[in-house]
Participant: 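Would you mind keeping the following structure in view while I ask a few things?
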There are 2 protein chains.
Amino acid sequence: MEQDGTAIDLETSLGYLLKEAASALRAAMEDVLRPLGMTITHYSCLELLAQRPGLSGSELARGAFVTRQSMNTLLQHLEREGQVSRPAEAAVGKVLPTRLTPRGRGSLAKASAAVRSVEDRMLAGMTETERSDAFRSLTSMVRSLRQDGVAVDGD
Amino acid sequence: MEQDGTAIDLETSLGYLLKEAASALRAAMEDVLRPLGMTITHYSCLELLAQRPGLSGSELARGAFVTRQSMNTLLQHLEREGQVSRPAEAAVGKVLPTRLTPRGRGSLAKASAAVRSVEDRMLAGMTETERSDAFRSLTSMVRSLRQDGVAVDGD
DNA sequence: TGCTCCATGTCAGAAGTCTGACATACTGTC
DNA sequence: GACAGTATGTCAGACTTCTGACATGGAGCA
């Protein structure tokens, strides 16, 4: 039971460091979104819809890195609150294209500014080289990890 | 409501890319840990204890990037299952130093091997330059984001 | 000593997300 | 046309984590 070879050194593990960075970003985003009564998934959903109106629930789920069931719960909530709108029935297939309402756009404007301040702070603490290195290496990490079926929506 | 300046371009956002990479890693780890009946936080807790025996609940929480309340729930569960042990009362202060039991070490051995396979796959898909670039830029991101109070345990 | 401040452990309840399951609709393959 | 395979939306239930709150113990300071 004492094989040293199987242990993972957390101090030098790239996976641990990635988790640490993601955790720091998540905490910082939650800090600025909480005063607005918004969660990260909530914000992500609105931001995705602003950039690509008409996205389906499943597409939004993939873009926000949650299951389509979780996104469905959120969408029903947002629809009741009047932040998004969906047709009662699908025009074609089962896909229900979702769109932002003016109210949703208003919520997003505040949230987007708050999130931008976090991202700006993050970028301000990095050199130009570090930024492009981060972009390149993170892209490579994603590609490596996606080799087999490791989709978020795993059913 | 239509200020283009406030929107965040998800395609080029380093924050979004970081979340994407972390999500891919999380999904890959869950895929290999689920057959072992273990969650990521569960595994993280055991791995931390293996490297630094006697860690307190709060310290484990910080190391696993969850609140101390969540870690407490997990520790009570692990204690009932006989994977970790804690003294009934604190020797000094309120701190309850936690240690792995032989059973816990056994669980960790399997989990650690599984997680290592994921990390190896990730690293195998990256060049040596990308690995060191990732380490450097992620460290910089963490430092930038930690500037103000963005601790995991936020109370 | 007495006081304030901070860290820890814990309980209770709420919120978010997940897995499992089902019905339905499109796609391509024979 | 018939079929299997895949994708979507949804419901139900369970699990994990979170926020809020409280009590306790140590550290620093007047």
Participant: Using a cut-off of strictly less than 4.0 Å, decide whether B:Q76 has a side-chain nitrogen or oxygen near OP1 or OP2 of C:dG9.
Facilitator: no
Participant: Counting only side-chain N and O atoms of B:S58, is one of them less than 4.0 Å from OP1 or OP2 of C:dG9?
Facilitator: yes
Participant: Assess whether one donor atom and one acceptor atom, taken from the side chain of B:K94 and the base of C:dA7, lie less than 3.5 Å apart.
Facilitator: no
Participant: Given 3.5 Å as the limit, does a donor-acceptor pair link the side chain of B:T73 with the main chain of B:Q69, or not?
Facilitator: yes
Participant: Give the rounded distance in Å between these two atoms: CD1 of B:I40 and P of D:dT16.
Facilitator: 13 Å
Participant: Below 4.0 angstrom from OP1 or OP2 of C:dA7, is there any side-chain N or O of B:S56?
Facilitator: no
Participant: Can a side chain N or O of A:R62 be found less than 4.0 Å away from OP1 or OP2 on D:dT8?
Facilitator: yes
Participant: Check this for me: does any side-chain nitrogen of one of B:R131 and B:E128 sit under 4.0 Å from a carboxylate oxygen of the other?
Facilitator: yes
Participant: Distance only, no hydrogens: is a donor on one side chain within 3.5 Å (strictly under) of an acceptor on the other, for A:S56 and A:E59?
Facilitator: yes
Participant: Out of C:dT19, D:dG26, D:dT17, which has the shortest distance to the side chain of A:T67?
Facilitator: C:dT19
Participant: Mind calculating the distance between CG (A:L75) and P (D:dT10) to the nearest angstrom?
Facilitator: 8 Å
Participant: Scan B:L96 against the nucleic acid and name what it touches under 4.0 Å (heavy atoms): base, sugar-phosphate only, or nothing.
Facilitator: sugar-phosphate
Participant: Test of understanding: clusters of I, L, V, M, F, W, Y form through side-chain heavy atoms closer than 4.5 Å, transitively. Do B:L25 and B:M126 belong to the same one?
Facilitator: yes
Participant: Taking for each residue the nucleotide of DNA chain C bearing the nearest heavy atom, is the 5' side occupied by B:E59 or by A:G93?
Facilitator: B:E59
Participant: Name the residue closer to the 5' end of DNA chain D, choosing between A:R34 and A:R86 according to the nucleotide with the nearest heavy atom.
Facilitator: A:R86
Participant: Calculate the interatomic distance between B:L60 atom CG and C:dT10 atom C1'; express it in whole Å.
Facilitator: 16 Å
Participant: Rounding to an integer number of Å, can you tell me how far A:L78 CG sits from C:dG16 P?
Facilitator: 10 Å
Participant: What's the CG-C1' distance between A:L74 and D:dG9, to the nearest Å?
Facilitator: 15 Å
Participant: Choose from C:dC18, D:dC22, D:dT10 the nucleotide whose nearest atom is closest to any side-chain atom of B:R26.
Facilitator: C:dC18
Participant: Is A:Q69 side chain donor-acceptor paired with the C:dG20 base, going by distance under 3.5 Å alone?
Facilitator: yes
Participant: Whole angstroms only, please: what is the CG-P distance between B:L33 and C:dT19?
Facilitator: 13 Å
Participant: Answer yes if the side chains of A:Y16 and A:E20 hold a donor-acceptor pair under 3.5 Å, and no otherwise.
Facilitator: no
Participant: Decide whether A:S85 and A:E79 meet the rule of one side-chain donor and one side-chain acceptor closer than 3.5 Å.
Facilitator: no
Participant: How close or far is atom C1' of D:dG13 from atom CG of A:N72, stated in whole angstroms?
Facilitator: 15 Å
Participant: Take the protein atom NE2 of B:H77 and the nucleotide atom C1' of D:dT17, then report the distance between them rounded to whole Å.
Facilitator: 15 Å
Participant: Toward the 5' end of DNA chain D, which comes first, B:T39 or A:E30, by nearest nucleotide?
Facilitator: B:T39
Participant: Would you indicate which nucleotide in D:dC11, C:dC18, D:dG26 comes nearest to any side-chain atom of B:V92?
Facilitator: D:dG26
